[in-house]
Amino acid sequence: MASAFPDGFLWGGATAANQLEGGWDAGGRGPSVDDHFLGGTVDTPRMITLGIDPTRFYPNHDGIDFYHRYKEDIALFAEMGFNVFRMSIAWSRIFPNGDDAEPNEAGLAFYDKVFDELVGRGIQPLVTLSHYEMPYHLVEKYNGWESRELIALFERYAKTVIDRYHDRVKLWITFNEINLGAYDMGNLFETSMIRGFEGPASEAYTTAQQRYQALHHQFVASGRVIRYGHATYPDLRFANMDCFILTYPMTCDPAGVLLNEREMRTRNWYCSDVQVRGAYPSYARRLWEEEGVELAIADGDLDDIAAGTIDFYTFSYYMSNVVSTHEHEDTKGNMTTGGVNPYLESTDWGWQIDPDGLRFSLNEIYDRYQIPLMVVENGMGALDTVEEDGSIHDDYRIGYLRRHVAAMREAVADGVDLMGYTWWGPIDLVSAGTGEMRKRYGFIYVDKHDDGSGDYSRLRKDSFFAYQRIIKSNGADGLE
Ligand code: BG6
């Protein structure tokens, strides 16, 4: 069967430094926000500690030890047929405190080696500049993105790495899931406004004023970096990254439909409307008023936003939710909740599985913006069992993968300009939401467990071969 995916379609996997690398204090790296998070579960929130308690287990400190095993892992990605690998740079490897006078050469050299290895194997890096982390010092000094100071510090960090790696890295994302900055819980990861906070992550609340102001600072920072990148290296392309959680009105009650429109705007459209169009959307003023937000916009901010629009739109897609003005049951998410949809099944962590929703989302996003799209996260966290012979039969993950790739194929046939797909966590890594290892996403199993035990050895799961088959045929084969 001929493939419905365009030639040169990007197939690969997506990761984040803090969940993958480990080596948290190696090579001059400074502590990052995530190094202060203990592990949790689906029902128990992660705890944040002010200091690092040497008697406790911090799952991100060692990640899955990619820092030392990157060659072996990249060889496995190449074996699956990846032509793209999404990863992030740990800001605290480059500027250990965030405001150091000079970058840390050992940190820069580490990513030189990783990019050389990827490019040498024909895998294009797609790099996120900020994926849920910053040097912890910037939290203590500035309360993260609440402060305008972060704009210049981020700009310096971003220019440093773009200047260093532009010959090997052509595709860049400024902020991971920037839209979570507007959510109560999501902003904890996205904007790091936790100065002085110790306790359950679920209780680290901020005000709407703080959240929208922090987002404004990120829009300006992103705009300045993209403006610089475009002017200095015309072959680079830049993207946003949104956590797209499609919401459906649960009933046809017009009040619920209006509520859903508001949810779609605040959750899914607000940030990308700014980053694609280069200006705040028409509904922003009323939204700020209703949320009691008075945005401080400095001279030049709106110019930076206007000049730094994105070249392609990227997003994560895991689930959908429903919205209603009527009584309904709530589902679980890692940083979000929504209504239960009786037509969908859920993962063990309560995320509703909705491949048709991916096709619908792709069409909605493309209709709105008409720029190339890329699905840069999609995946299923599940419990895996290793058989005595070392095999792992993860049919549930294969089914999820196939159904979502088939949905993308339909969207492409609908006319959507889709560039690529990176599965979240092609190798098991530390969960962002719960800090667990047992919530596994990988096609590659990693022998590390929630009590810190394990020898970090890697095993190929059945899904490894299923994805390999899909990639080999450019999506024409392996979806049945
Ligand atoms: C996205 C993040 O929200 O979802 C990733 O960009 C995260 O960092 C992924 O790991 C899956 O979420 P979780 O909580 O299952 O790790």
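Residue numbers start at 1 and run along the sequence shown. The shown structure was predicted, so the numbers you read here are calculated from the model rather than taken from an experiment. Note that ligands are numbered from 1 as they come in the structure, with each ligand's atoms numbered from 1 the same way. Atoms considered below: every heavy atom in the structure, side chains included; atoms not considered: hydrogens, waters and symmetry mates.
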Item to complete: Under 4.0 Å from a heavy atom of S431: give me the atoms of ligand 1 that qualify, with their elements.
Response: 13 (P), 14 (O), 15 (O), 16 (O)
Discussion item. Can you list everything that forms a side chain to side chain contact (heavy atoms under 4.5 Å, CB included) with N97? Sequence neighbours excluded, please.
Written reply: D99, D100, H137
Discussion item. Can you confirm, on distance only, whether ligand 1 has an N/O atom lying under 3.5 Å from any N/O atom belonging to G433?
Written reply: yes
Item to complete: Tell me, please, whether Y183 has R267 positioned over its six-membered ring: NZ or CZ under 6.0 Å from the ring centre and within 45 degrees of its axis?
Response: yes
Worksheet entry | Under 4.0 Å to a heavy atom of K439 - the qualifying atoms of ligand 1, by number | 13 (P), 14 (O), 15 (O)
Worksheet, complete the sentence: Any heavy atom of A16 under 4.0 Å from ligand 1? The part involved is neither
Worksheet item: Which atoms from ligand 1 have a heavy atom of Y441 less than 4.0 Å away?
Response: 11 (C), 12 (O), 13 (P), 15 (O)
Worksheet item: Taking only heavy atoms of E177, which atoms of ligand 1 are found under 4.0 Å from at least one of them?
Response: 1 (C), 2 (C), 3 (O), 6 (O)
Worksheet item: Between F95 and R156, is there a cation-pi geometry (under 6.0 Å to ring centre, at most 45° from the normal)?
Response: yes
Worksheet item: Would you call D384 and R397 a salt bridge, using N to O less than 4.0 angstrom?
Response: yes
Worksheet item: Given the side-chain rings of Y67 and W24, with only the six-membered ring counted for Trp, is the space between their centroids under 6.0 Å?
Response: no
Fill in: Test item, M241 contacting ligand 1 (heavy atom, 4.0 angstrom)
no
Response to the item:
Checking heavy atoms under 4.0 Å, the part of Y132 that sits near ligand 1 is side chain
Discussion item. Check this for me - ligand 1, W351, N or O atoms closer than 3.5 angstrom, yes or no?
Written reply: no
Discussion item. I'd like to know whether ligand 1 has W349 as a neighbour, heavy-atom separation below 4.0 Å.
Written reply: no
Worksheet entry | Those atoms of ligand 1 less than 4.0 Å from some heavy atom in A432 | 7 (C), 8 (O), 10 (O), 13 (P), 14 (O), 16 (O)
Worksheet item: Looking only at non-hydrogen atoms, which of R440, R46, E133, E377 approaches atom 5 (C) of ligand 1 most closely?
Response: E377
Discussion item. Are Y400 and W351, when compared by the centres of their aromatic rings, separated by less than 6.0 Å?
Written reply: no
Worksheet item: Does the ring center of F244 lie less than 6.0 Å from the ring center of W269?
Response: yes
Item to complete: Would you please indicate yes or no on a ring centroid separation below 6.0 angstrom for F219 and H216?
Response: no
Worksheet entry | Backbone or side-chain N or O of T434 under 3.5 Å from ligand 1 N or O | no
Discussion item. My understanding is that only residues two or more places apart in sequence, or in another chain, count here; which of them pass ring pair (Phe, Tyr, Trp, His ring centres under 6.0 Å) with Y157?
Written reply: W91, F154
Worksheet item: If you measure from each non-hydrogen atom of N176 to ligand 1, which part falls under 4.0 Å: side chain, backbone, both or neither?
Response: side chain
